[in-house]
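Below, read A as the first sequence line, B as the second, and so on, with proteins coming before strands; counting in each chain starts at 1.
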Amino acid sequence: MSVRVRFAPSPTGYLHIGGARTALFNWLYARHTGGTFVLRIEDTDTARNSQEAVDVILDGLRWLGLNWDEGPLSGAAEGPGIGQHGPYFQSKRGAIYQKRVEELLSKGLAYEREGAVRFKMQREPVLIPDLIVGDVKRELTDREELDPDFVIFRSDGQPVFHFVNVVDDLEMGITHVIRGEDHLSNTAKHIALFQAFGVPAPKYGHIPLILNIDGTKMSKRDQGASLKSYQDGGYAPEAVVNYLCLLGWSPKENREIVPLDEIVAMFDLPQILRHNARFDMNKLNWMNVEYFKSMTLDRFVTLALPVLRQAGLAMDNYSPEYIRAALATVKEKVKQMPDVLQFAAFYFRDTVVFDDAAKAAEPQDLTAESRGRVEKLRAAFASDSVFTADSLQAALKATATTLGVKAGLLVHPTRIACTGSGIGPSLYHLLEVLGRERVLARLDAMIARMPV
RNA sequence: GACCCUAUCGUCUAGUGGUUAGGACACUGCCCUUUCACGGCAGGUGCCCGGGUUCAAGUCCCGGUAGGGUCGCCA
């Protein structure tokens, strides 16, 4: 029998990083087994539901590259979907739930009380076979001892999570339920429901949760809890995917950076760890840099552009060639995409903006002595016919020799004049990219601010 | 409160009875570099506690402790 797995998020307006990991593990298992990955939107809570909230999930999954074989094509519940088991929005499956609840009612396995329909839960412990955790014998809690039955249809006529979840898995032919461990205890209810419908329950695999670095539960407000923060932060999605794979699962031979296709080939349920993992932003950042360094320049530019635009830089005023050349000088330097602003914004501004350190150093930097040296250097640059990193370096070194000073005395003011900061890309390379016109203009602007 | 899951450096992990307990991130020092980085080299830190089984326990069993989860007309 072919594997069919599903990711069934509730559209709450954001995609939790743990949810993204659950989606990833389902996707990996489907791809590993040649099975089918289904996306189903659990929007029974109509009060909180919106198309925008669904779009956030679809966008996030697409960004990660987790394509689904069946499911909605857009965030619109009324919109088209792909697959033979639709609709893929629970809000559109009312008739199915109605039919199924009547089935239980007629079998005497459910009953009405105060307008709601309650399922007659078994009173004995339930054995939960789990591919990851192992066999779990779930005893009744003290509250359940008092009243083990639970509501499956509310008094307002709306079905409840446990019920729709099971009915959909049943109707959609789901063979493996891979979900967060927070559902492990609830699985007893689900298994009982499957039995009530007279069908075998799917196989279960409960994966450990992702916690904050301090071990607390990662909730909506926590830093990095939303996948969107990585999308907006200019992360390489392939790095995020790679990092997520390593939370609770690991390839052999101590490998860290592993191509997705190799992970797909190796991935399997039994090797998944059983304890929760803490989300280590440091390691994700390191991995992200590794991906930055090894990706093509074009890919890097694609990831950097939105961040630069977001910062208000008029990127459309610059040629693709110039942008490529400029970003090439920082590609190996950024630790996080927002760094690109600090390192490269000067390429894309008409007027140099000086950072705090540069401003603070002005009393030492803007001197008559320095003015004389910078004027000499300016002249040397002006007569440099090729204006390449090599020629500029030679010109600067030669000027320093003529002046009888260390090169640093020329390097520093040039960097400040052209970039507004003491830190940035290799000086000679950035000068080459900036070009003669901009470099001379920026040196002139600084000279004008220096005392005679 | 009851029930369930879990427990190796600060973090992610390798480890399935015999290892000097390995790797990665982070951290510290040095080298390289007249910016910041990169890179190279070196270094420290760990089997939650207590019993038991065994010639031998990080590894198996029991208890405790700690963390997480669930018990809803939320999902």
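For B:rG72, one of the phosphate oxygens OP1 or OP2 lies less than 4.0 angstrom from a side-chain nitrogen or oxygen of A:R143. Within the 4.0 Å cut-off from OP1 or OP2 of B:rC71, not a single side-chain nitrogen or oxygen of A:K189 is found.
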Output a table of nitrogen or oxygen pairs between the protein and nucleotides 27-34 of chain B separated by less than 3.5 Å.
residue	atom	partner	partner atom	Å
B:rU34	O4	A:A407	N	2.9

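The A:T141 side chain lies nearest to B:rC71 when the options are B:rC71, B:rA75, B:rG39. For A:V136, the side-chain atoms get nearest to B:rC5 when compared with the rest of B:rC3, B:rC5, B:rG23. The listed nucleotides are B:rU35, B:rG1, B:rC12; the one nearest the side chain of A:S426 is B:rU35. Here B:rA75 is the nucleotide among B:rA75, B:rG10, B:rC3 with the atom lying nearest to any side-chain atom of A:H162. Closest approach to the A:N186 side chain among B:rU35, B:rU70, B:rA26 is made by B:rU70 (side chain taken as heavy atoms from C-beta onward).
Rounded to whole Å, the separation between the C1' atoms of B:rC9 and B:rA24 comes to 12 Å.
A donor-acceptor contact under 3.5 Å is not formed by the side chain of A:N276 with the base of B:rG68. Remark: the A:S185 side chain and the B:rC71 base include no donor-acceptor N/O pair separated by less than 3.5 Å.
Residues A:E181 and A:R274 are not paired through a salt bridge, judged by the lack of any N-O separation under 4.0 Å between the basic side chain and the carboxylate.
In this structure, A:Y291 places its OH atom 20 Å from P of B:rC38, rounding to the nearest Å. Per the geometry, CD belonging to A:E139 stands 14 Å off P belonging to B:rA2, to the nearest Å.
Counting any heavy atom pair closer than 4.0 Å across all strands shown, A:E114 reaches a base atom. Contact annotation for A:G115: no contact, since no heavy-atom pair falls under 4.0 Å across all strands. As judged by a 4.0 angstrom heavy-atom cut-off over every strand, A:S155 is placed among the base-contacting residues. Note on A:G424: a base of the nucleic acid sits closer than 4.0 angstrom, heavy atoms only. A:E256 comes within 4.0 angstrom of a base, heavy atoms only.
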